Colleague: 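Below: one structure in structure tokens.
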Amino acid sequence: QVQLVESGGGLVQPGGSLRLSCAASGSFFSINAMAWYRQAPGKQRELVARIGSDGITNYADSVKGRFTISRDNAKNTVSLQMNSLKPEDTAVYYCAANIRLTTVRSYDYWGQGTQVTVSS
């Protein structure tokens, strides 16, 4: 019933910028925390940024000062503004969200992922 769909991935030059967006759709009461993860080939999945329902954010040390996570509760979306991109940022980026489906049930959902490639 609930789906997360990412958009905005692509190929960008080192030092460039990219903005990822994720939209939640379906039947639910509200969205709790939302986050962006990434996974490069041969590497473990890592948390890139997280934003709680209260707006408090957390970032991986590797992206602090370069990436900004934000959410629009009215539109049920979360975005990741990525600036000063480096080749090591290349990965598949996944949107994740903890969503309250009913008054008593919440579940974690994942998007399909979007490829971000930073290369000259």
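What you are looking at is a predicted structure, and each value in this text was computed from that prediction instead of being measured.
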Colleague: With the side chain counted from C-beta on, respond yes when Ile56 and Arg50 share a heavy-atom pair under 4.5 Å apart, and no when they do not.
Modeller: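 They are not in contact (no side-chain heavy atoms under 4.5 Å apart), so the answer is no.
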Colleague: Keeping the roles fixed (side chain from Arg71, backbone from Gly52), state whether a donor-acceptor pair exists under 3.5 Å.
Modeller: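 Yes, Arg71 side chain to Gly52 backbone: donor-acceptor pair under 3.5 Å.
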Colleague: Heavy-atom count around Gln3 CD within 6.0 Å, excluding the residue itself: above 12?
Modeller: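 No, because the 6.0 Å sphere around CD of Gln3 holds 12 heavy atoms or fewer from other groups.
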Colleague: Is it possible for you to check whether Arg100 lies under 6.0 Å from the centre of the six-membered ring of Phe29, through NZ or CZ, and within 45° of that ring's axis?
Modeller: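 No; the conditions do not both hold, so Arg100 does not lie above the ring face of Phe29.
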Colleague: CG/Leu80 to SG/Cys22 distance, rounded to the nearest 0.5 angstrom?
Modeller: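 Nearest 0.5 Å value for the CG-SG distance: 11.0 Å.
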Colleague: Are Met34 and Ile69 co-members of a hydrophobic cluster defined by side-chain heavy atoms under 4.5 Å apart?
Modeller: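 Ile69 clusters together with Met34.
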Colleague: For Glu6, is there any backbone N or O sitting under 3.5 Å from a side-chain donor or acceptor partner on Gln112?
Modeller: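 Between the backbone of Glu6 and the side chain of Gln112 there is no qualifying donor-acceptor contact (under 3.5 Å).
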Colleague: Test side-chain contact (heavy atoms from CB on, under 4.5 Å) on Met82 and Val12; report intermediate values, then the result.
Modeller: CA-CA 11 Å; Met82 305 184 292; Val12 65; over 6 Å; no
Colleague: Report, as yes or no, whether the 6.0 Å neighbourhood of atom CD on Gln1 holds more than 12 heavy atoms from other residues, nucleotides or ligands.
Modeller: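 No, the 6.0 Å shell around CD holds no more than 12 heavy atoms from other groups.
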Colleague: What is the minimum heavy-atom distance between Ser84 and Asp89, and which atoms define it?
Modeller: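 Between these two residues, the closest heavy atoms are O-OD2, 4.5 Å.
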Colleague: Do Val92 and Leu20 sit in one hydrophobic cluster, given that two such residues count as connected whenever their side-chain heavy atoms are within less than 4.5 Å of each other, even indirectly?
Modeller: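 No, separate clusters.
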Colleague: Would the distance check show the side chain of Ser21 and the main-chain N or O of Ser79 forming a donor-acceptor pair, the cut-off being under 3.5 Å?
Modeller: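 No: the side chain of Ser21 does not pair with the backbone of Ser79.
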Colleague: List the atom of Ala40, the atom of Ala91, and the distance in Å for their closest heavy-atom pair.
Modeller: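 The answer is N-CB, 3.8 Å.
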Colleague: Let me confirm one number: the CD-CG distance from Gln115 to Leu11, rounded to the nearest 0.5 Å.
Modeller: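 Rounded to the nearest 0.5 Å, the CD-CG separation comes to 9.5 Å.
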Colleague: Tell me whether Val78 shares a hydrophobic cluster with Val2, the cluster being built from Ile, Leu, Val, Met, Phe, Trp, Tyr side chains joined at under 4.5 Å.
Modeller: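 Hydrophobic grouping puts Val78 with Val2.
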Colleague: Hey, what do you get for OG1 (Thr102) to OH (Tyr107), rounding to the nearest 0.5 Å?
Modeller: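 Going from OG1 on Thr102 over to OH on Tyr107, the span is 7.5 Å.
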Colleague: For Gln81, check side chain to side chain donor-acceptor pair (under 3.5 Å) against everything at least two apart and list the hits.
Modeller: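 Listed in chain order: Arg19, Asn83.
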Colleague: Checking side-chain contact (heavy atoms from CB on, under 4.5 Å) for the pair Tyr109/Leu101: CA distance, chi angles, key distance, verdict?
Modeller: CA-CA 11 Å; Tyr109 292 89; Leu101 268 58; 3.3 Å; yes
Colleague: Return the CD1 to CG distance between Ile99 and Leu4, rounded to the nearest 0.5 Å.
Modeller: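 The CD1 atom of Ile99 sits 5.0 Å away from the CG atom of Leu4.
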Colleague: Under a 4.5 Å cut-off applied to non-hydrogen side-chain atoms, are Glu46 and Arg38 in contact?
Modeller: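 With C-beta onward as the side chain, the pair touches.
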Colleague: Could you go through Leu85 and Phe67, starting from their C-alpha distance and side-chain angles, then the distance that decides it, and tell me whether this counts as side-chain contact (heavy atoms from CB on, under 4.5 Å)?
Modeller: CA-CA 9 Å; Leu85 284 161; Phe67 291 11; 3.8 Å; yes
Colleague: Heavy-atom distance under 4.5 Å between the side chains of Ser119 and Thr90, does that happen here?
Modeller: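 Of all side-chain heavy-atom pairs linking Thr90 with Ser119, none is under 4.5 Å.
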Colleague: Between Asp61 and Lys64, is there a side-chain N and carboxylate O pair less than 4.0 Å apart?
Modeller: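 Salt bridge flag = yes for Lys64 with Asp61.
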Colleague: side-chain contact (heavy atoms from CB on, under 4.5 Å), that's the test. Do Ser7 and Thr114 meet it? Break it down for me.
Modeller: CA-CA 7 Å; Ser7 63; Thr114 184; over 6 Å; no
Colleague: Should the pair Trp110 and Tyr94 be assigned to parallel (<30°), tilted (30 to 60°) or perpendicular (>60°) ring geometry?
Modeller: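 Answer is perpendicular, since the angle exceeds 60°.
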Colleague: Quick one: do Val63 and Val116 end up in the same hydrophobic cluster if we chain Ile, Leu, Val, Met, Phe, Trp and Tyr together by side-chain heavy atoms under 4.5 Å apart?
Modeller: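 Cluster IDs for Val63 and Val116 match.
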Colleague: Distance from Ile51 atom CD1 to Ile31 atom CD1, nearest 0.5 Å?
Modeller: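 These two atoms lie 11.5 Å from each other.
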